[in-house]
Amino acid sequence: MQTPSGHVYDGQGLCACPQCDQLHRLPALKENTHARCQRCGTTLFRHSQRALDRVLALNLTVLLLLLIVNSFPLLSLKVSGRIEQADLLSGVQALWQAGQWELAALVLLTSLVFPLLTALGWVYLSGSLRLGKQPAGLALVYRLTRQLAPWSLIGVFMLGVLIAIFKLLDLADVIPGIALAALATLLVCSTAARIFQSPNLVWPLIGPQIEIRHDHPHALEHGLHHCHHCHLLVNEELTQCPRCHSRLHARLPNSINRTLALMLSAAVLFIPANVYPVMTVTRFGVGEPSTILGGVLQLIDAGMLPLALLVLFASIVVPGLKLLIFTLLLVSIRLGSSWRPLDRTRLYRFVEVVGAWSMVDVYLVAILAAVVQLDFLATIQPGIGATFFAAVVVLTMFAAHSFDPRLIWDNNGKT
Ligand SMILES: [Zn+2]
Ligand SMILES: [Zn+2]
């Protein structure tokens, strides 16, 4: 059987689950099917002959849409005959002008630069492979593209724009721009592309021909290390992956201590993030600083309860839940607990998936600060609380990436 990139897959590929380290010998798969880990349900291998074409087409579309998004206004605000326009970069400019360059850089990187680099990386990889060529610098481009992907937050940005539109409705007429439609299409295309962008598209599924001992299901117990990036199984004596040149570790180094330090820092910063105002709304010359919780209460007062709940969930419930879940995971691993490993893995996946959505508040501040510059009528200035809050989100995302979920299963040789 040919894998999409043309690598021969004999239907006997040996691989280890990236989330629980269980060894699997994968059978030959039918077209458009995928194999999941028997124990924790993680997708191990996706078989689709046309995946390479799809990834190339979808990422080329993403590049085209990014061009459109940056060429037209996202939304316009019409008040007393005046029209204020905001495009993708207006939020970055507003934050920069308010002296919050850290926040400006974060918004610029996550809403434009990283999505652009990720799409370019995949166009280069899939385009070269489609032409039957080994891309120059394959290992480096693949690793960088893979590392940047979790920081491309187009979907979260889109949600920020939608919340901003609802918030602005009581202030003025909001006219959605062409870029908003392009952004929505871009979100669909990049989400579809992510489904097909699996490591096995680039790297063949090969593994050492060994017998799996069923009383020892972990790759580590067979003296094998799993490469985090290309999923190759390598003898534990090697320190660097022979294929993608990543450093190899049995488990992510200092995973527990690193995650703990990052979560503690996030917990400390969560206090100023909630105490200081995230923005100051000035109406008719009267300034009114508003904290995250204050913003939620304002939304409730304005009768926008679903929106208030959404902001409350993304900005307060999610960071709080992340702190609680990581405390539970770290304590249970430290105690050597074998308690419900599957449920603990699911908790980790939840944190990993929903974590980035907290960034919606940061985008909201950026967009509002960009569009509400109506002199005496109303202006919105970003506050220092937004910077603290962004730091909380970034630190918890780093914490999720430094946590090794295989540690959960290390005390569960047989389950
Ligand atoms: Zn697994
Ligand atoms: Zn590798």
Side-chain angles (χ1 to χ4, degrees), residues 3 5 7 9 13-27 29 34-46 121 125 129 134-135 137-149 197-208 212-253 255 329 332-333 338-353 400-401 403-415:
T3 59
S5 47
H7 300 298
Y9 166 44
L14 188 71
C15 68
C17 171
Q19 296 214 334
C20 77
D21 208 29
Q22 166 132 326
L23 276 174
H24 293 80
R25 193 172 296 286
L26 295 185
L29 294 176
H34 60 272
R36 283 176 183 274
C37 171
Q38 281 175 328
R39 190 160 64 166
C40 76
T42 301
T43 301
L44 299 172
F45 185 85
R46 199 175 278 283
L125 293 172
L129 290 169
Q134 168 96 351
L138 168 69
L140 183 67
V141 175
Y142 173 78
R143 280 206 321 269
L144 287 177
T145 307
R146 198 171 149 79
Q147 277 166 344
L148 288 183
Q197 285 163 191
S198 61
N200 67 265
L201 194 66
V202 178
W203 308 101
L205 186 73
I206 48 166
I212 303 174
R213 281 158 43 212
H214 289 283
D215 53 335
H216 289 95
H218 291 159
L220 192 60
E221 292 164 330
H222 290 261
L224 298 170
H225 286 179
H226 165 261
C227 172
H228 299 299
H229 291 284
C230 75
H231 294 193
L232 183 69
L233 275 172
V234 187
N235 194 297
E236 63 187 356
E237 280 137 32
L238 289 181
T239 53
Q240 195 183 39
C241 174
R243 193 157 71 166
C244 75
H245 311 149
S246 319
R247 285 175 67 92
L248 292 171
H249 310 281
R251 298 289 176 261
L252 290 177
S255 175
L329 292 175
S332 67
I333 290 169
S338 58
W339 176 74
R340 302 174 86 117
L342 183 56
D343 288 334
R344 281 187 287 151
T345 305
R346 284 182 181 141
L347 282 177
Y348 162 71
R349 278 186 211 144
F350 169 77
V351 168
E352 208 191 13
V353 171
H401 297 157
F403 180 76
D404 194 329
R406 293 172 298 181
L407 294 169
I408 296 172
W409 295 87
D410 281 348
N411 299 311
N412 294 69
K414 289 161 257 176
T415 48

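All values below were derived from every heavy atom in this structure, side-chain atoms included, with hydrogens, water molecules and symmetry-related copies excluded. One-based numbering, in listed order, for ligands and for the atoms of each.
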Measuring only between side-chain heavy atoms, which start at C-beta, is His218 closer than 4.5 Å to Trp409?
yes
How large, to 10°, is the angle at the Zn ion (ligand 2) when you draw lines to SG on Cys241 and to SG on Cys227?
120°
Side chains of Cys40 and Gln22, heavy atoms from C-beta outward: is any pair under 4.5 Å?
no
At the Zn ion (ligand 1), SG of Cys17 and SG of Cys20 open up to roughly (10° bins) 110°
Plane angle bin for Tyr348 and Phe403 - parallel if under 30°, tilted between 30 and 60°, otherwise perpendicular:
tilted
Any N/O/S atom, side chain or main chain, of His229 closer to the Zn ion (ligand 2) than 2.8 Å?
no
I'd like to know whether the aromatic ring centres of His249 and His225 sit less than 6.0 Å apart in this structure.
no
Between His231 and the Zn ion (ligand 2), is there a contact where an N/O/S atom of the residue lies under 2.8 Å from the metal?
no
So His24 and Phe45, do their side chains get closer than 4.5 Å, heavy atoms only?
no
Please calculate the SG(Cys37)-the Zn ion (ligand 1)-SG(Cys40) angle and round it to 10 degrees.
110°
